[in-house]
Amino acid sequence: FEVTGMSSEVTRGTTPAASRVIKEGDILYSRDYCRISFELSRDAFAYVFYYDSGGELHQLYPDPAAVMWQKVEGGKTYNVPDTKDECFMLDDQKGTETIFMVASAQPIGNISELYQAAKGLNRDASLKLFREAAPVFKVLNFIHQ
């Protein structure tokens, strides 16, 4: 599970195109770009969420409107957004950003209810709720300046 960041200057052509893996506590800036990649060691159900600097929770993977959850294949890399050339662009709201993934050999049957319940909680309480619901839990916090 990793987040890759790319400076907004890269897309304007003022610096060589380069990206870097974001580590816990790293800094990204407004209008920087990022994408999430994950790979599981075996087939499982994976869910990726994003807590923005404004304190709002978003489900990034799979699409929350999906009728049926799809198992991801072990050993295969998945990207969010899913096409190679797409990225998220950070807005102008500064603060701590949190991206986390939960995974389980079986679908988490109440994931939609957990998501809705977590949307009404603060960041720490939301993370605790998801951490208790899945055997695999990965989290990355970065600073948005």
Side-chain angles (χ1 to χ4, degrees), residues 1-42 44-66 69-72 74 76-145:
F1 172 69
E2 68 182 25
V3 176
T4 305
M6 185 170 42
S7 169
S8 59
E9 284 79 25
V10 171
T11 60
R12 291 195 293 264
T14 58
T15 61
S19 61
R20 64 183 171 99
V21 174
I22 305 303
K23 296 187 177 14
E24 181 71 23
D26 276 358
I27 296 172
L28 288 175
Y29 297 90
S30 294
R31 304 213 190 306
D32 279 358
Y33 295 87
C34 64
R35 66 182 296 112
I36 302 157
S37 300
F38 67 91
E39 181 179 313
L40 301 176
S41 60
R42 61 179 181 239
F45 293 87
Y47 312 86
V48 178
F49 298 90
Y50 169 60
Y51 224 116
D52 67 25
S53 55
E56 190 172 337
L57 180 65
H58 309 271
Q59 183 174 339
L60 302 178
Y61 184 91
D63 182 337
W69 305 116
Q70 296 285 328
K71 233 182 198 186
V72 299
K76 180 179 176 183
T77 300
Y78 290 82
N79 296 300
V80 181
D82 60 358
T83 59
K84 185 178 180 178
D85 297 329
E86 287 186 272
C87 293
F88 296 108
M89 185 175 79
L90 294 179
D91 59 18
D92 291 325
Q93 188 162 349
K94 299 174 182 177
T96 301
E97 310 267 350
T98 302
I99 299 171
F100 64 98
M101 181 182 80
V102 294
S104 176
Q106 300 299 318
I108 300 172
N110 64 342
I111 196 73
S112 296
E113 291 84 12
L114 285 171
Y115 175 53
Q116 291 305 316
K119 287 176 86 168
L121 302 173
N122 67 37
R123 185 182 315 258
D124 291 338
S126 290
L127 293 174
K128 183 177 186 232
L129 181 71
F130 280 101
R131 184 176 281 122
E132 293 171 351
V136 176
F137 182 86
K138 300 287 183 185
V139 65
L140 175 79
N141 296 289
F142 64 90
I143 308 303
H144 175 173
Q145 289 190 350

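Just so we're clear, the structure is a prediction, and the values are computed from it rather than from any experiment.
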Those residues that, when tested against Gln93, pass side-chain contact (heavy atoms from CB on, under 4.5 Å) (two or more places apart): Ser53, Asp91
When rounded to the nearest 0.5 Å, the distance separating CZ of Phe137 from CG of Leu127 is 4.5 Å
Aromatic ring pairing Phe38/Tyr61, orientation class (parallel under 30°, perpendicular over 60°, tilted between): perpendicular
Taken in chain and number order and not counting sequence neighbours, the residues that satisfy side-chain contact (heavy atoms from CB on, under 4.5 Å) with Asn141 are Glu24, Thr96, Thr98, Val139
Just distance, no hydrogens or angles: give the donor-acceptor pairs under 3.5 Å from side chains in residues 101-112, sequence neighbours left out.
from   : atom 1 : to     : atom 2 : distance (Å)
Ser104 : OG     : Gln106 : N      : 3.3
Ser104 : OG     : Gln106 : O      : 2.9

Note: Met6 and Cys87 closest approach over all heavy atoms is CE-SG, 4.3 Å
State which residues pass side-chain contact (heavy atoms from CB on, under 4.5 Å) with Lys128; sequence neighbours excluded, sorted by chain then number. Glu132
Starting at CZ of Arg131, measure out to NZ of Lys138 and round the result to the nearest 0.5 Å. 11.0 Å
side-chain contact (heavy atoms from CB on, under 4.5 Å) partners of Ala125, counting only residues at least two apart: Leu121, Asn122
Give the ring-plane orientation class for Phe130 versus Phe49, where under 30° counts as parallel, over 60° as perpendicular and anything between as tilted. tilted
For residues 108-123, which residue pairs qualify under salt bridge (Lys or Arg N to Asp or Glu O under 4.0 Å), counting only residues two or more places apart or in two chains? none
How long is the gap from OH on Tyr50 to CD on Gln59, to the nearest 0.5 Å? 15.5 Å
Ile143, Leu140, Leu28, Asp52 screened by side chain to side chain contact (heavy atoms under 4.5 Å, CB included) with Glu97, the one that passes: Asp52
